[in-house]
Amino acid sequence: MNPRKILVTAALPYANGPIHLGHLVEYIQTDIWARFQRLRGHEVLFVCADDTHGTAIMLRAQKEGRSEEEVIAESSEAHQRDFAGFGVSFDNYGSTHSEENRKLCGEIWQTIRDAGLVKSKEIEQLFDAEKGTFLADRFVTGTCPKCGKTDQAGDNCECGHTYAPVELIDPISALSGTKPEVRNANHLFIELEQLREFLTDWTQNGDSLQPEVANYIKGQFLGDDLRDWDISRPAQYFGFEIPDSPGDYWYVWFDAPIGYMASTQQWCEKNGQKLDDWWKNPDCEVHHFIGKDIIYFHTLFWPGMLKTAGYNLPTKVRIHGFLTVDGEKMSKRKGTFVKAETYLKHLDPAALRYFYASKLGPRLDDIDLNLEEFQAKVDTDLVNKVVNLASRCAKFLKPTGLSAQWPDDGGLFKQAADSADEIAQAYEDCDYNKAMRLILAAADRANPFIENAAPWVLKKEEDKAQELQDVCTVAINLFRQLAIFLAPVLPDLAEKTGELLGDPITSWDQAQTPLLGTPINKFKHMMKRIDPKDIAKMTEETKADQDAEASAGAMSELAAKYNDSPQHLIDKPLTEECTFDDFIKVDLRVARVLQASHVEGADKLLQLTLGLGGDEQRNVFAGIKSAYDPADLEGRLVVMVANLKPRKMRFGMSEGMVCAAGGPEATEIYLLDPDNGAQPGQRVT
RNA sequence: GGGGCUGUAGCUCAGUUGGUUAGAGCAGGAAACUCAUAAUUUCUUUGCCGGGGGUUCGAGUCCCUCCAGCCCUACCA
C-alpha cells in the first residue's frame, strides 16, 4: 500500500471558554482517525489552533481589564492542557492571532479581490456610542415591532417573528445598557453566487460530503441565489485589519479556517517543510472534522475561498452530531456540563475515548452519554473482556515466555487477522462503533477458547506444560491483536501491551503475525473499572462550579448598578496571590493622629505622630501633603502598618506607614478611616 | 411555512445491491467454572421491524401517505 499524505484538522475551539465533554466528541473522534492513519503507516499531519478573534473576546478582555492577547494566551494554555490530558495528538497547535495567519489571510484575500468577488455595500446597524462599537444582533435587546413584547433578542421574538435589530422599538445595548443609535457603515461582501457552479458541483457530485449533508446544502442553500457573505466588520473589532480597507477587519469566520493553514505553516517552519506541499499538492488529502453547527462555513465559504485562492479543496468534510448527557442537552444545573478538566480529576480519559468510539458512526446523529451505560460499557467491554484476557493468562507464561512455534488455535488468530481489513475500513469511514463491534466480537471468540482449553487445569498436570504454554501463547496473541486494533482509541493500552510483551505496537500490520519465542514481563493492571462514586463526584463538582458561577454572575449584576470603572485594575493589575501567613505578618493597627505638621524642605511629605494607645507612639513621614492639610488631620483615626521596619529618610526616621487609597493624580489620596467605635491600638485584619 | 434526518427486542444499536423461520451487546432468567481487576463460559425469555396503502413470486429493505421525535431555516423555494 502506498503511503498517503494526509492533513487532518479538528475545528478550532473558541478562546473564550473551557473545553467540555461536548467538545471532546470531536477531538477524540479526530484523534482516533489521525492515530489510525499513522498506525497504517501514512504520513499524517494533525493540526488545530485556538480561534481567537471576534467581538466576544474583545468584550471579555474589556470586562476583565486585560488585553485580548492575555485572554487568548491563557485560554490556549488551558485548552492545550485539556487536550493533552485526553491524549489528543496534535502535531501543531496554533492560534488564529498569529503572523502566519495574518499573512495567509492577506494573500487569500488578494486572490478573492482579483477574482472580482468582493463588493462594498452600505448597511444600517446599531452602534453603541459608549462602547464605541457596532452591535451584533445578539448584543441588542428591545421590544418586538410585531407583537410589542419587551426584552426580546435582536433578530427574533418569542412570538415567532423575525426582524432586523434596527426595527426594534426601544433597543438596548447588552454591552452598556444604553440606547444604541442607528449608523450606516460600509461592509465588504463576497458574492458567493458567482461561485454557484463550482459549489453546486463540489457539494453535489463529489464524495467530500456525507449524503445527508449534500442534501441539506441543496435544500437549504442551492435552491435560491446564494447570499452575499458579509466579510468585514468596522472598528472596534478584535481581529486583523483588512490591508486594502483601513478601519475594517475581517470577520472572524474569514480568518478562522485559514487558521488551519497557518497552523500547518507553523509546523512546516519547525520541520523544514513547505506549506504548498500540503495545501497545493494534489497528492495530499485534506480532512476536516467539524460539528454540524458549522456546516455552512466549511462546505460553502471555505471551499469557495480555497478554490479561488488555488489551494487544495477538502477531500472530506466529516461532520458529527452533538453530545447529550443522559438524554438531555448538557446542563450546568444538573451537573452534566462537565469540563474536560473536571473529568480528568475523577476519571480515566481512556474510558471516555472508548465510550465515544463505541457510539460514533459516520453520520450526524447526536450521541448520548448515558452515565450508567458509560460505566457498564467500559467495565464489560474493556476490563472484563479485553484486558482480562491478558490478566488471566500472562502469569502462566511468566516462567517460560511465549512458545516458539504457533500452536493450533482452531483458526482464531487468522480469523481476527482477516477481520483487520474490515475494521480498518470502519475506522477509515469514521464508523467507529462498527469497528468496536468487530473488535469486541474477536474478544468474544477468545474468551471461550481459554475457557475450553482451561490453562488452570493444565497447570496442575506436569506433563501438560507445553500445552499450557501453547494455550496461553494463543491467548496473549489474541489479546495483542485486540490491543493493536484498539490502539487508535486506546494508545495507553497499546503502550502497556507493548511493555508487557517487550515489543512496542507501532503498526497495524503487527496484527497479522503472532509474537513467538519471546519472554514476557510481569502483568500489571492496564485499566480499572469505573467506580460510580467517581462519576458522582464529577457531577457534584460540576454543580458546585455552576453555583459559584451563578453567584458570581449575580454579583456582577449588582456591581453593574454602581457602574464602577474597571480602569484602576487595568492600571494596576492585582498582584500575585499571597497566603494568610503572608498577610498576617503585616501588623495593621488603628492609630490616632496626635500631631501633624509640614516638613521644612519637603514637597510631598507631612510628619505625623501616631498614637497606638497609652505611650506607644510612632513617627511617620507620609506622602499626603498634596491632599491633606495638617490641621484637619489632628485627632482623627487612621490605619497604619505598625510593624514596618523603620527607615531612615532625609528628614528623620519613619516608623510606619498610613494606609490610603490612591489614583493616578497627586490629589487622589484617600486615607482609610475606621468606623465609629474603633480605638487606637486595635488590630486590623 | 420550507428543508434535512430518525422511528427494528426493556436499553444501545447492526441489518450490505429486496430472498429462506429478523440479529448483536447490555439488562432479565437458569447452570458451570475458579486462572483473572467477582472476571469468564454454556443455555435461555422478549419483537404487529411507527401506522396504513402500493410495487413484487417475495419488503425491515423500493414507492405513496399518515403519525411521532430531533435538528436547521425563515415569509424566500
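Every heavy atom of this structure was used, including side-chain atoms; hydrogens, water molecules and symmetry mates were not. Here is the naming used below: chain letters follow the sequence lines, and residue numbers restart at 1 for every chain. It should be emphasised that the depicted structure is a prediction, and the values quoted were computed from it without experimental measurement.
- Here C5(B) presents its P atom at 13 Å from CD1 of Ile319(A), a figure rounded to the nearest Å.
- Consecutive Watson-Crick or G-U pairs involving RNA chain B, each under 3.5 Å on both distances, make up stems of three or more pairs at B:1-7 with B:67-73, B:10-13 with B:23-26, B:28-32 with B:40-44, B:50-54 with B:62-66.
- To the nearest whole angstrom, the two C1' atoms, one in U45(B) and one in G52(B), are 31 Å apart.
- For Tyr432(A), the ring-ring contact (aromatic ring centres under 6.0 Å, His included) partners are Tyr427(A), not counting sequence neighbours.
- A distance of about 11 Å separates the C1' atoms of G50(B) and G69(B), rounded to the whole Å.
- Between C72(B) and C66(B), the two C1' atoms lie 23 Å apart (nearest whole Å).
- For the pair Lys377(A) and Phe355(A), the cation-pi test (distance below 6.0 Å, angle within 45°) is failed.
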When the side chains of residues 482-499 of chain A are checked against the rest of the protein, which donor-acceptor pairs come out under 3.5 Å, sequence neighbours left out?
residue, atom, partner, partner atom, Å
Lys496(A), NZ, Met526(A), O, 3.3
Thr497(A), OG1, Leu493(A), O, 2.7

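- Listed by first and then second residue, the salt bridge (charged side-chain N to carboxylate O under 4.0 Å, His left out) pairs that reach into residues 287-305 of chain A are Lys292(A)-Asp366(A), sequence neighbours excluded.
- Using cut-offs of 30° and 60° on the angle between ring planes, the pair Phe254(A) and Trp229(A) is tilted.
- Within 4.0 Å of Lys385(A), counting heavy atoms only, lie sugar-phosphate atoms of the nucleic acid but no base atom.
- Close to A38(B), at under 4.0 Å from its OP1 or OP2, lies no side-chain N or O of Asn384(A).
- Of the two residues near RNA chain B, Val383(A) and Asn452(A), the one whose nearest nucleotide lies more 5' is Val383(A).
- G7(B) and C11(B): their C1' atoms are spaced 15 Å apart (whole Å).
- Every residue was checked against the salt bridge (charged side-chain N to carboxylate O under 4.0 Å, His left out) condition with Lys434(A), not counting sequence neighbours, and none meets it.
- The NZ-P distance, from Lys377(A) to C26(B), rounds to 9 Å in whole Å.
- To the nearest angstrom, P of A38(B) lies 16 Å from CD1 of Ile530(A).
- Partners of Ala340(A) under the side chain to side chain contact (heavy atoms under 4.5 Å, CB included) rule, at least two apart in sequence or in another chain, are Ile19(A), Leu24(A), Asp82(A), Phe86(A).
- Position along RNA chain B of the nearest nucleotide to Pro448(A) versus Asn215(A) favours Asn215(A) as the more 5'-ward residue.
- Going from atom CD1 of Ile217(A) over to atom P of G4(B) covers 12 Å, rounded to whole Å.
- Between U42(B) and G25(B), the two P atoms lie 10 Å apart (nearest whole Å).
- Rounded to whole Å, the P atom of U61(B) lies 13 Å from the corresponding atom of U8(B).
- You'll find the ring centres of Trp302(A) and Phe297(A) outside the 6.0 Å limit.
- Regarding Ile294(A), its CD1 atom lies at a distance of 19 Å from the P atom of C71(B), rounded to whole Å.
- Residue Ile295(A) contributes atom CD1, which lies 13 Å from atom C1' of G3(B) at whole-angstrom precision.
- Pairs passing the salt bridge (charged side-chain N to carboxylate O under 4.0 Å, His left out) check and including a residue from residues 462-477 of chain A, sequence neighbours excluded, read Glu461(A)-Lys464(A).
- Residue Asp431(A) contributes atom CG, which lies 12 Å from atom C1' of U16(B) at whole-angstrom precision.
- Judged as a side chain to side chain contact (heavy atoms under 4.5 Å, CB included), and not counting sequence neighbours, Asn521(A) has no contacts.
- Atom CG in Asp379(A) sits roughly 11 Å away from atom P in A27(B) (whole-Å rounding).
- For residues 388-398 of chain A, the set of pairs meeting the side-chain hydrogen bond (donor to acceptor under 3.5 Å, both in side chains) definition, not counting sequence neighbours, comprises Arg392(A)-Asn447(A), Arg392(A)-Glu451(A).
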What side-chain donor-acceptor pairs closer than 3.5 Å can you find for residues 209-222 of chain A, not counting sequence neighbours?
residue, atom, partner, partner atom, Å
Gln210(A), OE1, Ile319(A), N, 3.1
Gln210(A), NE2, Ile319(A), O, 2.9
Gln210(A), NE2, Pro362(A), O, 2.7

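- Comparing atom distances between the Glu212(A) side chain and each of U41(B), C26(B), G4(B) picks out G4(B) as nearest.
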Pairs under 3.5 Å (N/O, protein and nucleotides 6-14 of chain B):
residue, atom, partner, partner atom, Å
U6(B), OP1, Arg363(A), NH1, 3.2
U12(B), O3', Lys359(A), NZ, 3.3
U12(B), O2', Lys359(A), NZ, 2.7
A14(B), O2', Arg437(A), NH1, 3.2

Could you run through nucleotides 31-36 of chain B and give me one letter per nucleotide, 5' to 3': B if any protein heavy atom sits under 4.0 Å from the base, S if only the sugar-phosphate is that close, - if neither? --SSBB
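- G28(B) and A39(B): their P atoms are spaced 12 Å apart (whole Å).
- Ring centers of Phe289(A) and His320(A): at least 6.0 Å apart, outside the cut-off.
- Remark: the separation of the P atoms in U17(B) and G10(B) is 28 Å, to the nearest Å.
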